[in-house]
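Take a look at the structure below.
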Amino acid sequence: VRLEATPSYCYGGAAVARALQSVLVHPRVVIALREPVARAISFFEYQKIRLRFPPEMTMEEYLATADGLADADFLDPENEKYMAVRGGRYADWLGEWWEVLGQDAVRIVWFEDLAADGGRVVRELGEGLDLDPSRLPVEGLRSENRTVAFKRARLQRAALWFNDSSERWLRK
């Protein structure tokens, strides 16, 4: 069992699903979806914390800019920061996962269910994936990557630089 949790992989749809098939035998994927409005707000706030937008930018300004981007604009990785709404339009990319991997290989869970009763969701996923439930971490599940506000932009910028430049080394 190998796990990876990166939200932006979902947008890759068929291309990412085919890449999984090229390196794994019968890959199975779990996609956690979040209520789209809550997801968009959280995504926008995260981008501000990452200093990709000025702190005074409003959600309305952000949405107006994002709405002005065409499909081709999203081929530029720099524009991923505008995926707040687009990323929550699950019907735009979820079908590609099913088409490539098959509906039996793609499990959908809701973020809100994970937050409310993560142990139950993990147990049900394990059973559905034929994994030994006794080997799954169902107790004490918690969020470990919460976005928190910052007080000093310079200190935040330095912390982000350190984190981004040393992440590969620290992971080893």
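Annotation: the span from Arg34 atom CZ to Phe43 atom CZ amounts to 12.0 Å, rounded to 0.5 Å. For the atom pair Arg28 CZ and Leu125 CG, the distance stands at 11.0 Å (nearest 0.5 Å). Atoms NE2 and CG, on His26 and Asp104 in that order, are 7.5 Å from each other to the nearest 0.5 Å. To the nearest 0.5 Å, atom CD of residue Glu127 and atom CG of residue Leu129 are 10.5 Å apart. The structure places NZ of Lys48 at 9.5 Å from CE of Met59, a figure rounded to the nearest 0.5 Å. In this structure, CE on Met83 lies 10.5 Å from CD on Gln47, to the nearest 0.5 angstrom.
Here the closest non-hydrogen pair linking Trp97 and Gly13 is NE1-CA, 3.4 Å. The shortest non-hydrogen separation linking Pro27 to Leu101 is CG-CD2, 3.8 Å. Of all heavy-atom pairs between Arg52 and Tyr46, the closest is NH1-CE2, 3.9 Å. Ala19 and Ser22 get closest at one heavy-atom pair: O-OG, 2.7 Å. Nearest approach of Glu112 to Leu33, heavy atoms of both residues: OE1-O, 3.9 Å.
Taking the side chain as every heavy atom from C-beta outward, Leu94 and Ile108 approach each other to under 4.5 Å. The closest side-chain heavy-atom distance from Ile31 to Trp93 is below 4.5 Å. Side-chain contact between Tyr90 and Pro36 is present, with at least one heavy-atom pair separated by less than 4.5 Å. You'll find the side chain of Pro54 reaches within 4.5 Å of the side chain of Met57, heavy atoms only.
Under a hydrophobic clustering in which Ile, Leu, Val, Met, Phe, Trp and Tyr are joined whenever their side-chain heavy atoms come within less than 4.5 Å, directly or via other members, Phe111 and Val122 fall into different clusters. Note on Leu75: it does not cluster hydrophobically with Leu69, by side-chain heavy-atom contacts below 4.5 Å among ILVMFWY residues.
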Could you go through the side chain to side chain contact (heavy atoms under 4.5 Å, CB included) check for Gln21 and Val100 one step at a time?
-> CA-CA 9 Å; Gln21 281 184 321; Val100 173; 3.3 Å; yes

Yes or no on salt bridge (Lys or Arg N to Asp or Glu O under 4.0 Å) for Arg86 and Asp67, after CA distance, side-chain angles and deciding distance?
-> CA-CA 9 Å; Arg86 184 176 280 252; Asp67 285 347; over 6 Å; no

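In this view, Glu124 and Arg120 satisfy the side chain to side chain contact (heavy atoms under 4.5 Å, CB included) rule, not counting sequence neighbours.
Between Asp132 and Arg135 no salt bridge is recorded (no basic side-chain N to carboxylate O distance below 4.0 Å).
Considering Phe74, Phe53, Phe44 in turn, Phe53 is the only one that fulfils the ring pair (Phe, Tyr, Trp, His ring centres under 6.0 Å) rule with Tyr82.
Glu45 places no side-chain N or O within 3.5 Å of a backbone atom of Ala40 that could act as its donor or acceptor partner.
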